[in-house]
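First the structure, in the form of structure tokens, and then the observations on it.
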Amino acid sequence: TARLLNYIEQTSGAQVKPIADAPDYPLENRFYEEVSNWQQRHRGLAPIHPPRATDFRTEATLLEPLLHQIEPFTSPRCRGAVNSEIELRLSAALPLLPQLAATTRALPLRQAFLALDFDEQRLGRWRLEHKLVQALVFRQYCADSLPLTHGLDRLTQGVESRDLRALLKQKFPSGFIIKTALGDCSGAEIDSRTEAALAWIESGARFAPGPGALVDEEFIVQERKRIRREYRVHSIEDRIIGDLTVHRHQGLVAPGERQGPNEYVQRILNALPSGIVAGAHLAWDVALLEDTGFSAIEVNIGGLHTRWNPGFHASGFFHHKDYGAIYTARLLLFLESTYQCCIQVIADAPELFEENYFYSEVADWKQRFSRAIK
């Protein structure tokens, strides 16, 4: 963005200057600051940094108001039986299409949850999609759920860039990773991303504004786990969808292999309060460690990304180009058995070829699985 603005200045003669003047929107405000800083760098000039903030409050102190919101929530951990028939007609779902930021294969999933009166925005109040908030909250209720996690700016305030690695090695003697607090940032390349982030910070290219609220943190530092393989575990409210647990990256799941990660996640779910699990659609990235234990690496929160990625789909498996219909069909069967309802998928919009085909595939797989169960 900075290069583009400088190009516009050079070619038009107009001065284009982004001004960060909306501190109530910390992520956007910081982006404007960084664009302005990079404009200066690309011109060969030193960035003009505002004074660094100082805040010696602990993360635990900042977490308390959020816990006071979560804990008084009194709805049941799992809603009761619906005892009704639900039709998922593609023709009825068409008004939802413009709201989907991801693939339209997420459409039946969103339609099903809305039909069951799930609120895709409720968990957004807790900001659990922010990985620092998520880790602090989950560890509050189950200490061995997510790895030890801190916000980078609060952890390193007052520390010179040359002393950064030494501080992090001291805080995380078994190793650490650095990743963004929002967005997808796990996977095999996490070590190279960590090294790139460290080199960037040590070069002085990143201005650390100082700590603010928990959700102001752009990066988190997390304890490094020695991982043998990773699983994706899916849950609805306080229950595991047992047959949807798979390897995150590749390979078939062997018979009985799902038991370990499923039992691990179920134990965490049992410890979480109703304010988190009620109405929640979660997709867990769970690591089998070299010592044969388990650890949740992060939790994808369905329905929280409504602004950018609407539709309850915490997991990309539900709109995978090859397996999306299979996963959606299994999920619908789980919803039927859990909430005592009958869900019928009807492809009745042939003018929308891809969406119509996907609905027909979901209906077909659902029927196959139903026969197998019987």
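The model shown is predicted, which means the values in this text are computed figures rather than measured ones. Because only heavy atoms are used, hydrogens play no part in the values below, and waters and symmetry mates are left out as well, while side chains stay in.
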Residues [X] and [Y] bridged, charged N to O under 4.0 Å:
X      : Y      : value
Glu298 : Lys179 : yes
Asp144 : Arg267 : yes
Arg77  : Glu237 : no
Arg30  : Glu28  : no

message = Below 30° counts as parallel, above 60° as perpendicular, anything between as tilted: where do the rings of His247 and Tyr231 land?
response =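 Ring orientation of His247 relative to Tyr231: tilted.
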
ask   = Are Ile201 and Phe31 grouped together when hydrophobic residues (ILVMFWY) are joined by side-chain heavy atoms under 4.5 angstrom apart?
value = no

request  = Sequence neighbours left out, what passes ring-ring contact (aromatic ring centres under 6.0 Å, His included) with Phe73? Give chain and number order.
outcome  = none

Rounded distance (nearest 0.5 Å) linking atom CD1 of Ile343 with atom CG of Leu331 =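 Interatomic distance, Ile343 CD1 to Leu331 CG, rounded to 0.5 Å: 8.0 Å.
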
message = Using 0.5 Å steps for rounding, measure from the CG atom of Asp291 to the CZ atom of Arg226.
response =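 Between atom CG of Asp291 and atom CZ of Arg226 there are 11.5 Å.
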
request  = Determine whether the aromatic ring centres of Phe176 and His150 lie less than 6.0 Å apart.
outcome  =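 Distance test on ring centres: not under 6.0 Å, no.
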
ask   = Taking the six-membered ring where the residue is Trp, are the ring centres of Trp284 and Phe294 under 6.0 Å apart?
value = no

Answer yes if the side chains of [X] and [Y] hold a donor-acceptor pair under 3.5 Å, and no otherwise.
X      : Y      : result
Arg224 : Ser174 : no
Tyr141 : Glu71  : yes
Glu33  : Asn37  : no

inquiry  = So, using side-chain hydrogen bond (donor to acceptor under 3.5 Å, both in side chains) as the criterion, who are the partners of Tyr7 when residues are at least two apart?
reply    = none

